[in-house]
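None of the values given here were measured: they were computed from a predicted structure. Just so it is clear, the values below take in all heavy atoms, side chains as well, and ignore hydrogens, waters and symmetry mates. In what follows, chains are A, B, ... by sequence order, proteins preceding strands, each numbered from 1.
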There are 2 protein chains.
Amino acid sequence: MRGSSVGEWPPAWRSTHQRVAVLGALSGCRDFVSARELHATLTLEGTTVGLTTVYRTLRALEQGGRVDVVRERTGERLYRPRPTDGHRHYLVCRRCGLSRTVDADAVERWADNVAAATGFAEVEHTVELTGICEQCHAVTPS
Amino acid sequence: MRGSSVGEWPPAWRSTHQRVAVLGALSGCRDFVSARELHATLTLEGTTVGLTTVYRTLRALEQGGRVDVVRERTGERLYRPRPTDGHRHYLVCRRCGLSRTVDADAVERWADNVAAATGFAEVEHTVELTGICEQCHAVTPS
DNA sequence: TTCGTTGCAAAAGGTTTGCATACCA
DNA sequence: TGGTATGCAAACCTTTTGCAACGAA
């Protein structure tokens, strides 16, 4: 979305072992994960972090534009570290969760045009693509 | 409003006064409404309908593809009757909720191309556009 | 009469908050 | 030391479900 400054989030961001752990675990994820999954992973690793802290950290990252967020059908939020600057769009497998970055220039251009044509200001867009990846589809086509 | 030639999703769809009321109230909405708002509206009108029934009716309409659904930032679902067949995309004002149908052929084509190029099956897409409408922006630019 | 539908209450599920404690800078 | 971060428990919100009563066909 437009207008999010990617630089520095909270004025004072302390480096605690919990935050480092959350960031580390998140970085290790290639696909989208929920706060609960992240918390479970950390716990299994032996890291002591509260679920609340995971939520708070993810929210801070989200506000800072450092992660991409999609919503499950249930409303649950799934997070993924943002590879580079600017936002990305993904195609996520509904079966296994595999995510794949897709080229979304066409959508970006379209969104810009809509913004210009409608008179709306501060137009932001969310695009979510889901499907069944080749592997999953091979196992159970329908 | 007219409800006779409605469609036929659930194998057996009984016409109860509650369902007629929900459909009527929903039809009267030009913009997106939540289940709670719909329920409140009906209650104010003097119609006795349970919140549960509103949810169930909306879910049935959603499954039958008779309403468009968007998600609030909070995760809350907002519904709007679908004008015609085929799904639509909207540009919604974050201040007043005003919604506007936008031409989304470009996005449809792009989604189809992505589906074809990635090997994913049953690709579905969700596109949500939000902004500040001209009126609201005139009142408080930022 | 039959069986889908309703509504209340309670559960579920995810996310946020209050508040006392712990700890980084 | 000062003020931020943490974590537990409880609160919140929206949505779903169990179940007995109801009512359309």
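C:dG13 atom C1' lies 14 Å from atom CG of A:L78, rounded to whole Å. Between B:R71 atom CZ and C:dG14 atom C1' there is a gap of 12 Å when expressed in whole angstrom units. Spacing between atom CZ of B:R36 and atom P of D:dC13 amounts to 8 Å, rounded to whole angstrom units. Atom CD in B:E37 sits about 11 Å away from atom P in D:dT15, given to the nearest Å. Distance CH2 (B:W13) to C1' (C:dG4): 12 Å, rounded to an integer number of Å. What separates CZ of A:R73 from P of C:dG13 is a distance of 18 Å, to the nearest Å. Following rounding to the nearest Å, A:R77 (CZ) and D:dC13 (P) show an atom-to-atom distance of 15 Å. Between the CD atom of A:E62 and the P atom of C:dG14 there is a distance of 17 Å, rounded to whole Å.
Without hydrogens or angle criteria, B:Q63 side chain to B:A60 main chain gives no donor-acceptor distance under 3.5 Å. A donor-acceptor pair is defined here as one N or O able to donate and one able to accept, closer than 3.5 Å; such a pair exists between the side chain of B:T118 and the backbone of B:V114. Of the possible polar contacts, none joining the B:R66 side chain to the B:R82 backbone as a donor-acceptor pair under 3.5 Å is found.
Within the 4.5 Å cutoff, the side chain of A:V49 has no heavy atoms near those of the A:T57 side chain. For the pair B:F120/A:C93, a side-chain contact is recorded, criterion being any heavy-atom separation below 4.5 Å from C-beta on.
Remark: B:R14 is not in phosphate contact with D:dA25, judged by side-chain N or O atoms under 4.0 Å from OP1 or OP2. Distances shown here put a side-chain N or O of B:T16 below 4.0 Å from the OP1 or OP2 atom of C:dT6.
Here the two rings, on A:H125 and A:H89, have centers that are under 6.0 Å apart.
Across D:dA5, D:dT15, C:dT16, the shortest atom-to-atom separation from the side chain of A:R19 is found for D:dA5. Looking at the side chain of B:Q18, the nearest of the listed nucleotides D:dT4, C:dT17, C:dG7 is C:dG7. Here C:dA25 is the nucleotide among C:dT15, C:dA25, D:dT14 with the atom lying nearest to any side-chain atom of A:S15.
If you check residues 48-58 of chain A against DNA chain C, the residues with a heavy atom closer than 4.0 Å are A:T52, A:Y55, A:R56, listed by number.
Across all strands, B:T74 comes closer than 4.0 Å to no nucleic acid atom at all (heavy-atom distances).
Taking the nucleotide of DNA chain D with the nearest heavy atom to each of B:R59 and B:E76, the more 5' of the two is matched to B:E76.
Residue pairs meeting the salt bridge (charged side-chain N to carboxylate O under 4.0 Å, His left out) criterion with at least one member in residues 124-138 of chain B, sequence neighbours excluded, are A:R73-B:E124, A:R94-B:E124.
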